[in-house]
Amino acid sequence: MTTVTVKLSRSNRIYRSSEAVEGKIVIKSPNSISHQAIRLSINGSVNLQVRGGSAGVIESFYGVIKPIQILKKTIEVRSSGRIPPGTTEIPFSVNLREPGESIAEKFYETFHGTNINIQYLLTADIPRGYLHKPLSATIEFIIESGRVDLPERPLPPEMVIFYITQDTQRHPLLPEIKTGGFRVTGKLATQCSLQDPLSGELTVEASSVPITSIDIHLLRVESIIVGERIVTETSLIQSTQIADGDVCRKMTLPIYVLLPRLLMCPSIFAGPFSVEFKVCITISFKSKLAKAQPKSDPTAPRLWMALERLPLELVRTKRDQFSC
């Protein structure tokens, strides 16, 4: 059986738009085979999807959004001929953009979300005529920002000060929590490099009801323009518990959350779509209702929970590039 695989020169498969994607096409065949040509195609696209169940969107919108083409290029790495039996390795090198071509801003970083997927694929095709099945292999590679104007690292961001009380909540609370009151204060850096942790601190100044848990949730907010509507969907990326049980009052708790790099990208604000991120701080109070209710979305408003959401801007720096 003849097989074809594509192997890239970098094990992490990470490239910048200014670089050439290099590797080799590996063909293993027990017999000599003829071919019409060996071609290599690179395709990059933004695939937008609006599911019929999204709030405020009628089902007729489903599937009408065309992909946004970022990159489409095909080269011939070998003309027609024969491939000998055994293992044949054919090296290749493909420039993602030509020198002097100023389209680096169109190379959005690789991202796999709920409704938005930014993907770059490299495909090797070996047509063999009408009497033989063509051979093909596809591999995904990852694009990270290659802009020359990236900062060495983000400027030290100003900490955003937040406070959480019974009066800041927009959803109903249990009577004992509402009347007894609570106050939680803290500060959080709302701009992060993708290589740096989310940092800050939090203090429970007062609470009449015992606390069972304090958690930090990372949220992804994907927005797509469909006709005259903007469809937005928020999904949970990661949850981190920073306190378990009733913490001491007026004791400062550090916030240190590592970002899941494969599930996040720099914040994107493009014309037809955007990818943003938020931080949700949840404080769970002791309640019998909490044990009876099934656990689903940990950021959904509950009678025994207090919430605070803050925007989070993610950026890439030159330091991130060289750490890959």
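Being a predicted model, the structure only gives us computed values, none of them experimental.
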So does Ser284 get a backbone contact from the side chain of Thr212, meaning a donor-acceptor N/O pair under 3.5 Å?
yes

Cys192 vs Leu259, test: side chain to side chain contact (heavy atoms under 4.5 Å, CB included). Steps then yes/no.
CA-CA 9 Å; Cys192 278; Leu259 302 179; 4.3 Å; yes

To the nearest 0.5 Å, what is the distance between OH (Tyr256) and OG1 (Thr240)?
12.0 Å

Which atoms form the tightest heavy-atom contact between Glu176 and Val209, and what is the distance?
O-CG2, 3.8 Å

CD1-CD1 distance between Ile83 and Ile27, expressed to the nearest 0.5 angstrom:
3.5 Å

Any side-chain heavy atom of Pro266 sitting closer than 4.5 Å to one from Glu109?
yes

Using only atom types and a distance under 3.5 Å, with no angle test, would you say the side chain of Lys73 pairs donor to acceptor with the backbone of Asn95?
yes

Membership question, hydrophobic clusters at under 4.5 Å side-chain separation (ILVMFWY): are Val184 and Ile242 in the same one?
yes

Quick one: does Val231's side chain get under 4.5 Å of Ser223's, heavy atoms only?
no

Side chains of Ser267 and Glu313 only: does a donor on one sit below 3.5 Å from an acceptor on the other?
no

Do we see a donor-acceptor contact under 3.5 Å between the side chains of Ser239 and His217?
yes

Closest heavy-atom pair and its distance - Ala189, Leu198:
O-CD1, 3.4 Å

Under a single-linkage definition using a 4.5 Å side-chain heavy-atom cutoff for Ile, Leu, Val, Met, Phe, Trp and Tyr, are Val221 and Phe269 assigned to the same hydrophobic cluster?
no

Is it true that Met251 and Ile283 fall in one hydrophobic cluster, defined by side-chain heavy atoms closer than 4.5 Å?
yes

Applying salt bridge (charged side-chain N to carboxylate O under 4.0 Å, His left out) to Arg78 and Glu76, what does each step give before you reach the verdict?
CA-CA 6 Å; Arg78 181 171 291 188; Glu76 185 174 286; over 6 Å; no

Distance col, row Lys24:NZ vs Thr88:OG1, nearest 0.5 angstrom, shows 12.0 Å

For Arg183, the option from Ile164, Thr165, Thr203 that meets side-chain contact (heavy atoms from CB on, under 4.5 Å)
Thr165

I'd like to check Ser208 versus Phe182 (side-chain heavy atoms, cut-off strictly below 4.5 Å). Are they in contact?
no

Arg39/Thr74 under side-chain hydrogen bond (donor to acceptor under 3.5 Å, both in side chains): CA gap, chis, key distance, verdict
CA-CA 7 Å; Arg39 299 183 182 92; Thr74 301; over 6 Å; no

What closest approach, in Å, do Pro67 and Asn47 show between heavy atoms, and which atom pair accounts for it?
CB-OD1, 3.4 Å

Any donor-acceptor N/O pair, His171 side chain to Met305 backbone, under 3.5 Å
yes

With a cut-off of 6.0 Å (strictly less than), are more than 12 heavy atoms of other residues, nucleotides or ligands near CG of Leu310?
yes

Please tell me if the side chains of Lys133 and Arg128 come closer than 4.5 Å, counting only heavy atoms from C-beta onward.
no

Under 3.5 Å, is there a donor-acceptor pair between the Gln241 and Ser213 side chains?
yes

Check against ring pair (Phe, Tyr, Trp, His ring centres under 6.0 Å), Phe273 and Phe111
CA-CA 13 Å; Phe273 70 97; Phe111 172 74; 9.0 Å; no

Kindly assign one of parallel, tilted or perpendicular to the pair Phe141 and Tyr120, based on the angle between their ring planes and the thresholds 30° and 60°.
tilted

Group every Ile, Leu, Val, Met, Phe, Trp and Tyr by side-chain heavy-atom contacts under 4.5 Å, then state whether Ile139 and Ile90 land in the same group.
yes

Minimum heavy-atom distance Val77-Leu40, with the two atoms named:
CG1-CB, 4.2 Å

Here the gap from Glu19 atom CD to Ile143 atom CD1, rounded to the nearest 0.5 Å, amounts to 8.0 Å

Euclidean distance, Ser80 OG relative to Ile38 CD1, rounded to 0.5 Å:
10.0 Å

Do side-chain atoms of Glu222 reach the backbone of Ile116 as a donor and acceptor pair under 3.5 angstrom?
yes

Pairwise side-chain contact, Asn12 with Ile142, heavy-atom cut-off 4.5 Å (strictly under)
no

Output yes when Glu276 and Lys278 qualify as a salt bridge under the 4.0 Å nitrogen-oxygen rule, no when they do not.
no

In this structure, would Leu188 and Leu219 fall into the same cluster of hydrophobic residues linked by side-chain contacts under 4.5 Å?
no

Any ion pair linking Glu205 and Arg249 (charged N to carboxylate O, less than 4.0 Å)?
no

Would a 4.5 Å heavy-atom cut-off, applied to side chains only, mark Val204 and Asp246 as touching?
no

Taking atom CZ of Arg220 and atom CG of Leu314, what is their separation to the nearest 0.5 Å?
12.0 Å

Are the side chains of Arg316 and Glu144 in touch, meaning some heavy atoms are under 4.5 Å apart?
yes

Out of Thr185, Val279, Leu202, which residue meets the side-chain contact (heavy atoms from CB on, under 4.5 Å) rule with Phe162?
Leu202

Could you check Arg10 against Tyr15 for side chain to side chain contact (heavy atoms under 4.5 Å, CB included), going step by step and ending with a plain yes or no?
CA-CA 9 Å; Arg10 300 178 182 177; Tyr15 295 86; 3.6 Å; yes

Under the side-chain hydrogen bond (donor to acceptor under 3.5 Å, both in side chains) rule, what do His132 and Gln36 come out as? Steps first, then yes or no, please.
CA-CA 11 Å; His132 300 279; Gln36 294 181 338; over 6 Å; no

Please tell me if the side chains of Leu307 and Ile281 come closer than 4.5 Å, counting only heavy atoms from C-beta onward.
no

Would you say the side-chain atoms of Ser9 pair up with the backbone N or O of Glu22, donor to acceptor, closer than 3.5 Å?
yes

Going through the checks in order, is the side chain to side chain contact (heavy atoms under 4.5 Å, CB included) test met by Val257 and Gln238?
CA-CA 10 Å; Val257 178; Gln238 174 181 284; 3.4 Å; yes

If every non-hydrogen atom of Thr114 is compared with every non-hydrogen atom of Ser235, which pair is closest and at what distance?
OG1-OG, 3.3 Å

Least distance between heavy atoms, Asp125 atom then Ser136 atom
OD1-OG, 3.0 Å

What residues form a side-chain contact (heavy atoms from CB on, under 4.5 Å) with Ile161, not counting sequence neighbours?
Lys187

Taking it one step at a time, do Leu218 and Leu312 satisfy side chain to side chain contact (heavy atoms under 4.5 Å, CB included)?
CA-CA 9 Å; Leu218 297 178; Leu312 175 63; 4.3 Å; yes

Between Glu233 and Asn115, does any side-chain donor sit less than 3.5 Å from a side-chain acceptor?
yes

Within the 3.5 Å criterion, strictly below it, is a donor on Thr2 or Ser29 matched to an acceptor on the partner's side chain?
yes

